[in-house]
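Everything below concerns the one structure shown next.
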Amino acid sequence: MKYGFYTKLALTNIRKNRRIYVPYILTCILTIMMDYLVRSLSVNPGLEDMYGGSSIALTLGLGTRVIALFAFIFLFYTNSFLIKRRKKEFGMFNILGMEKKHLGRMLLTETILVTVMSIGLGLGFGILLDKAMFLLMCKVVGTKISLGFFVSGSVIWSTVRLFCAIYLVIYLKSVYTIRISSPIELLRGSSEGEREPKTKALYAFLGAALLGTGYGLAITIRDPIASIGVFFVAVILVVIGTYLLFTAGSIVILKLLKKNRKFYYQPRNFISVSGMLYRMKQNAVGLANICILSTMVLVMLSSTTSLMFGMEDMLNVRYSNDFAVRSREPDVEQNDKIFQKIEEYCQNACIPVEHKVRYKSLSFIAEEKGGWFETDSQAIDVKGDVSERCSLFLVPLSDYNASSEEARTLEGNEALLFSNYEAYKEPVLGIFDKKYQIAEYLDDFLGNSASDMNIITSYYVVVTDEEFGKLEEISGKELGELGTVQTYYGFDTSASKKEQEALAERILNIIVEVGEEYEGNFSGYMEARVSERQEFMGIYGGLFFLGLFLGTLFIMATVLIIYYKQIAEGYEDRERFEIMQKVGMTQNEVKGTIRSQVLTVFFLPIIVAGIHIMAAFPLIRLLLAVIGMVNAKLYLLCTLTAFLAFTVLYVIIYSLTARTYYKIVRR
């Protein structure tokens with residue numbers, strides 16, 4: 001046969017099967033466009049000119065790997081549906097005289113056409129939208145917009161190479177499926193699985209056990225560090241448990257309903273349970289895929305959105321003051337000189353200084369045991385639960401009064417106490433061999449931003465200057481370098497952004513200059529909220545963009561799986577529809593029965609996804625806390641908003657795809 005014949009035949013096949021081919025090709029185009037956009041944005045030279053650009057590039061670079069893996073799995077899965085729907089067509093060609101090698105050539109031609117069309121259009125739309133997406137990213141991050149149009153040949157080649165490889169694997173799998181199938185198997189391929197499914201109680205029990213274990217890990221975990229490893233274990237358990245429950249657990253439940261004669265032998269229940277029993281066998285994997293994808297969309301959108309909108313809160317928590325110098329320099333004279341030069345610069349540059357804070361603190365890690373804080377490094381298990389440890393910050397009373405503009409007094413055996421997380425409930429506090437009565441529990445503490453970002457509880461203990469000196473001496477003997485003495489100097493300002501950027505640069509220069517005067521490097525660092533805001537925007541803006549890209553891909557995958565599921569069930573229910581009318585049921589009764597089946601099965605994945613999200617909430621909240629997102633209320637609000645928005649979208653998807661289903665059934 002001439003190759004032109006295969007081309008005409010392939011075009012005819014695509015046109016005749018446009019109901020299933022057009023959504024597949026559109027999905028391929030959008031997936032390729034997304035892949036190109038993320039790759040192009042990750043290497044855009046404009047990132048070099050913005051604060052946090054390296055963080056954005058790293059985040060998007062990791063995202064390209066996720067998209068590549070997802071594209072392979074998703075396109076491979078959807079193409080398997082196409083092949084299954086076309087098995088009868090291939091069987092007819094085979095019986096009419098086409099050999100399997102001819103079918104392979106026909107499939108090769110179709111694959112080449114789809115590849116050229118999807119890659120060409122996907123790259124074309126990607127190149128057209130690339131600049132718009134970069135400008136949008138600059139707007140979100142809040143940086144200057146660079147001029148010029150960026151097109152990378154290496155990015156185009158990477159995208160072409162990736163999807164050519166995916167289409168090649170898809171083609172080889174399709175050819176293999178046809179080659180190992182007989183003509184009779186091909187003719188019956190699209191209607192396989194008409195026997196009543198077998199009960200697999202063991203699989204159902206295993207699925208419930210895995211799901212319960214995953215939920216238990218997510219709900220009971222308290223250690224933020226351990227939550228990172230637990231997250232991946234819980235995800236694997238929940239994914240496997242979901243597939244087992246949809247494939248085996250649903251059948252077990254329906255079989256139990258079938259055994260209940262009073263319930264089952266009712267006209268409406270009889271048809272609904274029977275129809276759902278066969279429907280679950282054929283579509284359980286698809287329903288599980290929809291459930292997992294829905295969960296991924298909800299987790300990704302809620303977490304990245306909460307990070308983006310909670311960024312200002314995270315900045316305020318992390319940086320108590322607009323500018324701060326944290327000095328570990330023991331030379332008091334050197335510290336005084338640095339702080340004095342900063343104040344002189346602000347005065348000369350007419351930069352207002354507000355809420356000035358300065359105090360010395362002694363800090364170390366400890367474990368609280370019945371009112372005593374254990375500081376012995378041998379007694380603190382490094383491999384133990386992080387949640388059992390805490391950070392102690394000892395502050396002299398004179399520094400506290402000067403910073404807070406108060407005039408508190410304490411006896412030698414008294415202390416003031418502030419706790420950032422866990423409330424301290426004991427009336428006394430023991431450190432080393434000394435005991436202190438808690439004179440007052442403080443509601444806040446100035447300059448405690450660094451400890452607020454810690455995942456363990458921090459206690460600020462204010463003692464008299466004399467007691468502070470004694471504790472500092474004991475710490476030097478017993479803890480050595482494990483006890484850290486630092487001076488915090490911070491202040492706020494109402495200066496403009498440009499003036500603050502200049503001030504941050506000047507403070508860095510002052511630190512270097514004074515360090516050189518004292519013939520050594522300054523032991524400490526400077527924090528400027530104006531500089532860190534751009535870095536935060538780079539990190540969380542990149543995550544937000546990546547979340548939008550991946551969320552769009554997952555939603556697209558969900559839509560396509562739902563669409564194919566509706567088509568498959570439409571062709572199957574069309575025959576049942578006719579049979580039920582022949583045995584005496586009215587058209588309205590049949591429609592009502594089918595509608596109840598479709599609604600029940602269709603909304604089952606989103607309900608289970610909602611349960612997954614509720615169970616995962618405590619674990620994801622801990623993961624967000626590790627990177628500084630401690631506003632649990634904001635995350636809860638973002639989760640609820642994402643779930644409601646996705647549910648609305650899910651209903652819209654159902655309404656649109658249901659039309660296609662009913663058109664098929666009514667024919």
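No experiment lies behind these values; they were computed from the predicted model shown.
- Residues satisfying the side chain to side chain contact (heavy atoms under 4.5 Å, CB included) test with Met117, not counting sequence neighbours, are Ile25, Leu121.
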> How far apart are the C-alpha atoms of Thr64 and Asp35, what are their side-chain angles, what is the distance that settles it, and do they pass the side chain to side chain donor-acceptor pair (under 3.5 Å) test?
Replying inline: CA-CA 7 Å; Thr64 59; Asp35 180 78; over 6 Å; no
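- With rounding to the nearest 0.5 angstrom, the CG atom of Leu37 is 10.5 Å from the CG atom of Leu30.
- In this structure Ile652 satisfies the side chain to side chain contact (heavy atoms under 4.5 Å, CB included) test together with Val648, Leu656, sequence neighbours excluded.
- Residues Val175 and Gly104 share a closest heavy-atom pair of CG2-CA, 4.3 Å.
- Counting heavy atoms from C-beta outward, Tyr635 and Thr305 have side chains that stay 4.5 Å or more apart.
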> When you look at Glu110 and Tyr171, which way does the side chain to side chain donor-acceptor pair (under 3.5 Å) test go after all the steps?
Replying inline: CA-CA 9 Å; Glu110 291 181 12; Tyr171 165 72; over 6 Å; no
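- Checked against ring-ring contact (aromatic ring centres under 6.0 Å, His included), Phe163 has no partners two or more places apart in sequence or in another chain.
- Under the side chain to side chain contact (heavy atoms under 4.5 Å, CB included) criterion, Ser40 pairs with Tyr36, Asp130, Phe150, Val155, not counting sequence neighbours.
- At most 12 heavy atoms of other shown residues, nucleotides or ligands fall within 6.0 angstrom of atom CZ in Phe125.
- Of all the heavy atoms in Leu245 and Gly207, the pair that sits closest is CG-C, 3.9 Å.
- Within the 4.5 Å cutoff, no side-chain heavy atoms of Ile236 are placed close to those of Leu210.
- Counting heavy atoms of neighbouring residues, nucleotides and ligands inside a 6.0 Å radius, atom CZ of Phe617 exceeds 12 of them.
- Atom-to-atom distance recorded for Leu237:CG and Phe232:CZ is 13.5 Å, nearest 0.5 angstrom.
- With sequence neighbours left out, the ring-ring contact (aromatic ring centres under 6.0 Å, His included) criterion links Phe76 to Phe72.
- Residues Met300 and Gly551 approach most closely at SD-N, 4.0 Å, considering heavy atoms.
- Applying the side chain to side chain donor-acceptor pair (under 3.5 Å) rule to pairs touching residues 228-241 yields nothing, sequence neighbours excluded.
- Atom-to-atom distance recorded for Ile555:CD1 and Tyr650:OH is 12.5 Å, nearest 0.5 angstrom.
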>> Run the side-chain contact (heavy atoms from CB on, under 4.5 Å) test on Val297 and Leu301 for me, step by step, so that the C-alpha distance in whole Å, both residues' side-chain angles and the decisive distance to 0.1 Å come before the verdict.
In response: CA-CA 6 Å; Val297 169; Leu301 292 181; 3.6 Å; yes
>> Applying side-chain contact (heavy atoms from CB on, under 4.5 Å) to Leu604 and Phe246, what does each step give before you reach the verdict?
In response: CA-CA 10 Å; Leu604 187 60; Phe246 270 97; 3.7 Å; yes
>> Pair Thr111, Ile170 - check side-chain contact (heavy atoms from CB on, under 4.5 Å), show working.
In response: CA-CA 9 Å; Thr111 303; Ile170 289 174; over 6 Å; no
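- With sequence neighbours excluded, the residues forming a side chain to side chain contact (heavy atoms under 4.5 Å, CB included) with Leu172 are Leu168, listed by chain and number.
- Contact annotation: the side chain of Leu307 approaches that of Leu624 to within less than 4.5 Å [non-hydrogen atoms, C-beta and beyond].
- Taking Tyr243 as the reference, nothing meets the ring-ring contact (aromatic ring centres under 6.0 Å, His included) condition, with sequence neighbours excluded.
- Interatomic distance, Cys638 SG to Phe309 CZ, rounded to the nearest 0.5 Å: 7.0 Å.
- The side-chain hydrogen bond (donor to acceptor under 3.5 Å, both in side chains) test applied to Thr12 returns no partner, not counting sequence neighbours.
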>> Before you tell me yes or no, could you show the steps for Leu619 and Leu217 under side-chain contact (heavy atoms from CB on, under 4.5 Å), namely the whole-Å CA-CA distance, both residues' side-chain angles and the distance that decides it to 0.1 Å?
In response: CA-CA 8 Å; Leu619 178 58; Leu217 289 174; over 6 Å; no
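- Under the side-chain hydrogen bond (donor to acceptor under 3.5 Å, both in side chains) criterion, Thr31 pairs with no residue, sequence neighbours left out.
- Residue pairs meeting the side chain to side chain donor-acceptor pair (under 3.5 Å) criterion with at least one partner in residues 293-303, sequence neighbours excluded, do not occur; the list is empty.
- We find the CG-OH distance between Leu162 and Tyr167 to be 10.0 Å, quoted to the nearest 0.5 Å.
- With sequence neighbours excluded, the residues that form a ring-ring contact (aromatic ring centres under 6.0 Å, His included) with Tyr215 are His612.
- For the residue pair Ser174 and Leu107, the shortest heavy atom distance occurs at CB-CD1, 4.0 Å.
- In terms of heavy atoms, Cys28 sits closest to Leu75 at SG-CD2, 3.7 Å.
- Across all non-hydrogen atoms, the minimal contact from Ala609 to Leu298 is CB-CD1, 4.5 Å.
- Atom-to-atom distance recorded for Ile119:CD1 and Cys164:SG is 4.0 Å, nearest 0.5 angstrom.
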